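To keep things clear, I will list the structure first and then write my remarks on it.
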Amino acid sequence: MWARGTVSPQTRQTAPRRFTLALGAPAPVRTSKLTVLVARFTIGSTQQLGHVLYERLGLKGGRKGKSGAYSTDVTELERLAGEGVECAKLVLDWRQLTKLKNTYTDALQAQINPETGRVHTSFSLAAAQTGRLASTDPNLQNIPIRTEIGRKIRDAFVAEPGHVLMSADYSQIELRLAAHMADVPALKDAFRAKADIHNLTAIELFGSEDRENRNKAKTINFAILYGISSWGLAGRLGVSREEGQAIIDRYFERFPGIRNYIAQTLTFARENGFTRTLFGRKTHFPNIDSRQQNLRQGAERAAINAPIQGTSADLIKRAMARMDGALESAGLEGVRMLLQVHDELVFEVPDGREEQAADVIRKVLADAAEPAIKLDVPLDVEVGWGSHWGAAHR
DNA sequence: TATCGACGCCAC
DNA sequence: AAACGTGGCGTCGATA
């Protein structure tokens, strides 16, 4: 992957790899300049909004941040909206639209290189502590996908005529790595059987896999990877801290390998000051012994996560390093690797070569651990393609 | 005009 | 107090 700023122009042997941003497409979001009228107060910033909501309108339950200002983040505004405060919903809608317009629609079009007519990102190789890449100027690793309107931004990224955009992403890679690294037979069996892992967790924890319980299980599965706390889980699930702790206890009862992994990882990090990925790469934690509780606990959570997130980063880098050679060996020189988004690679593929390219790409990603590591779980890769990026996720 | 911290929010 | 991990970036308000 070429990186502007780290590869000098004269060393380039091919044109930079790039996305086209469809200039002809209508801007998917239109908003007027920020000025939201709440009752008879004009709001121009979050600080002013918080002040109006809690001091002048007299609403209850405000939460304050480190600067002492009332928080007006999405959890607070959704709470207020649920309590019948209509302007909270208006502000949330306005926030979503201005976020998409300012951060994506306008900024990305301003980033189009006049020489190439494309948007070029830069990848930092040593920005993230865990070994992930980081994308800047512009960041193409945080293009919206979650909401319907946000997804329209992805649809503006289109393939060159005669080509498609192909996306290949690892399915549940961090949970798979957790199952392997923590040696959890139930989870490893589930992945080998291609079971739905969140349903399995829901059954184990709640005895049922209805949608509500599956969603709770999904939250818990992610929380595990991030170094769980009863407060954090309670906040996410909207339950009391005691209930959050009870759920964690039950999880560790059902999957004792996870509890052992966490304990062993923390012991190692305290003794050595670092953790290692499966491939041996270190992440250091200078605050692991801090006398400041918030710093120490933050380091502990990061140390629990780093071997998993870092191994995932190692795997996709190994795949990227092998990808061009594999494509070339298959006679697929026309396929270009454009972008990495942590567990996803995006390619531009000539029309008619889709199935062939998908086979090569899937195999390189699925075999990325070999021959250094024999994983106990398969690495599943989901491949899709279409005329635009949004259509490549199926 | 440039930079910074705080806040908020997009992604994986 | 802070409260599940990793990032980048937009706006605001303060400051140089």
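Note that this is a predicted model, so its numbers are computed, not measured. The chains referred to below are lettered A, B, ... by the order of the sequence lines, with proteins before strands, and numbering in each begins at 1. Side chains included, hydrogens not; waters and symmetry mates left out as well; all remaining heavy atoms used.
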- Message: Using atom C1' in both nucleotides, what's the gap between C/dA3 and B/dC4 to the nearest angstrom?
- Response: 26 Å
- Is the closest basic N to carboxylate O distance between A/Glu160 and A/Arg118 below 4.0 Å? yes
- Item | N-O pairing of A/Arg214 and A/Asp196 below 4.0 Å | yes
- Item | Between C/dT6 (P) and A/Ile173 (CD1): distance, integer Å | 18 Å
- Message: Under 4.0 Å, counting only non-hydrogen atoms across every strand here, what does A/Ser124 touch: a base, just sugar-phosphate, or nothing?
- Response: nothing
- Message: Measuring only between side-chain heavy atoms, which start at C-beta, is A/Arg250 closer than 4.5 Å to A/Ile220?
- Response: no
- Encode nucleotides 5-12 of chain B as B, S and - characters from 5' to 3', where the letter depends on protein heavy atoms closer than 4.0 Å: B to the base, S only to sugar-phosphate, - to neither. -SSBBBSB
- Message: What I want to find out is whether A/Arg132 reaches A/Glu174 closely enough, with some N-O distance under 4.0 Å, to be called a salt bridge.
- Response: yes
- Query: Whole-Å distance between C/dA2 C1' and A/Ile228 CD1?
  - Reply: 16 Å
- Message: Would you measure the distance from the P atom in B/dG8 across to the matching atom in C/dA2 and give it in whole Å?
- Response: 14 Å
- Task: Can you sort out the partners of A/Arg79 under salt bridge (charged side-chain N to carboxylate O under 4.0 Å, His left out), two or more places apart, ordered by chain and number?
- Result: A/Glu76, A/Glu83
- Query: Just how far, in rounded Å, is C1' of C/dT6 from CG of A/Leu225?
  - Reply: 12 Å
- Item | Whole angstrom value for the distance that separates P of C/dA3 from CG of A/Leu295 | 10 Å
For residues 295-305 of chain A, which side-chain donor-acceptor pairs fall under 3.5 Å, sequence neighbours excluded?
unit_1: A/Arg296; atom_1: NH1; unit_2: A/Ser290; atom_2: O; d: 2.9
unit_1: A/Glu300; atom_1: OE2; unit_2: A/Arg270; atom_2: NH2; d: 3.1
unit_1: A/Asn305; atom_1: OD1; unit_2: A/Gln309; atom_2: NE2; d: 3.0
unit_1: A/Asn305; atom_1: ND2; unit_2: A/Leu225; atom_2: O; d: 2.8

- Rounded distance in Å - CG (A/Leu175) to P (C/dG5): 16 Å
- Query: Among pairs that include at least one residue of residues 161-220 of chain A, which meet ring pair (Phe, Tyr, Trp, His ring centres under 6.0 Å), considering only residues two or more places apart or in two chains?
  - Reply: none
- Looking for any heavy atom pair under 4.0 Å, which part of the strands does A/Ala223 touch: base, sugar-phosphate only, or nothing? base
- Tell whether A/Gln293 reaches the base of C/dA1 with its side chain through a donor-acceptor pair below 3.5 angstrom. yes
- Query: Does a side-chain N-to-carboxylate-O contact under 4.0 Å join A/Arg192 and A/Asp189?
  - Reply: yes
- Message: Without decimals, in angstroms, what is the distance between A/Arg241 CZ and C/dA2 P?
- Response: 18 Å
- Task: Indicate, with a heavy-atom threshold strictly under 4.0 Å, whether A/Ala234 touches base, sugar-phosphate, or nothing.
- Result: nothing
- To the nearest angstrom, the CH2-P distance between A/Trp231 and C/dA3 comes to 12 Å
- Task: Starting at atom CD1 of A/Ile153, determine the distance to atom P of C/dG10, rounded to an integer number of angstrom.
- Result: 13 Å
- Message: Side chain of A/Ala107, heavy atoms from C-beta onward: which of C/dG7, C/dG5, C/dG10 has the nearest atom to it?
- Response: C/dG10
- When the C1' atoms of the five terminal pairs at each end define the local axes, what inter-axis angle does the helix from B/dT1-C/dA16 to B/dC12-C/dG5 show, to 10 degrees? 10°
- Message: Keeping A/Thr201 on the side-chain end and A/Ile197 on the backbone end, is there a donor-acceptor pair under 3.5 Å?
- Response: yes
Can I get a per-line list of side-chain donor-acceptor pairs under 3.5 Å for residues 378-387 of chain A, giving both atom names and the distance, sequence neighbours left out?
unit_1: A/Asp380; atom_1: OD2; unit_2: A/Lys194; atom_2: NZ; d: 3.2

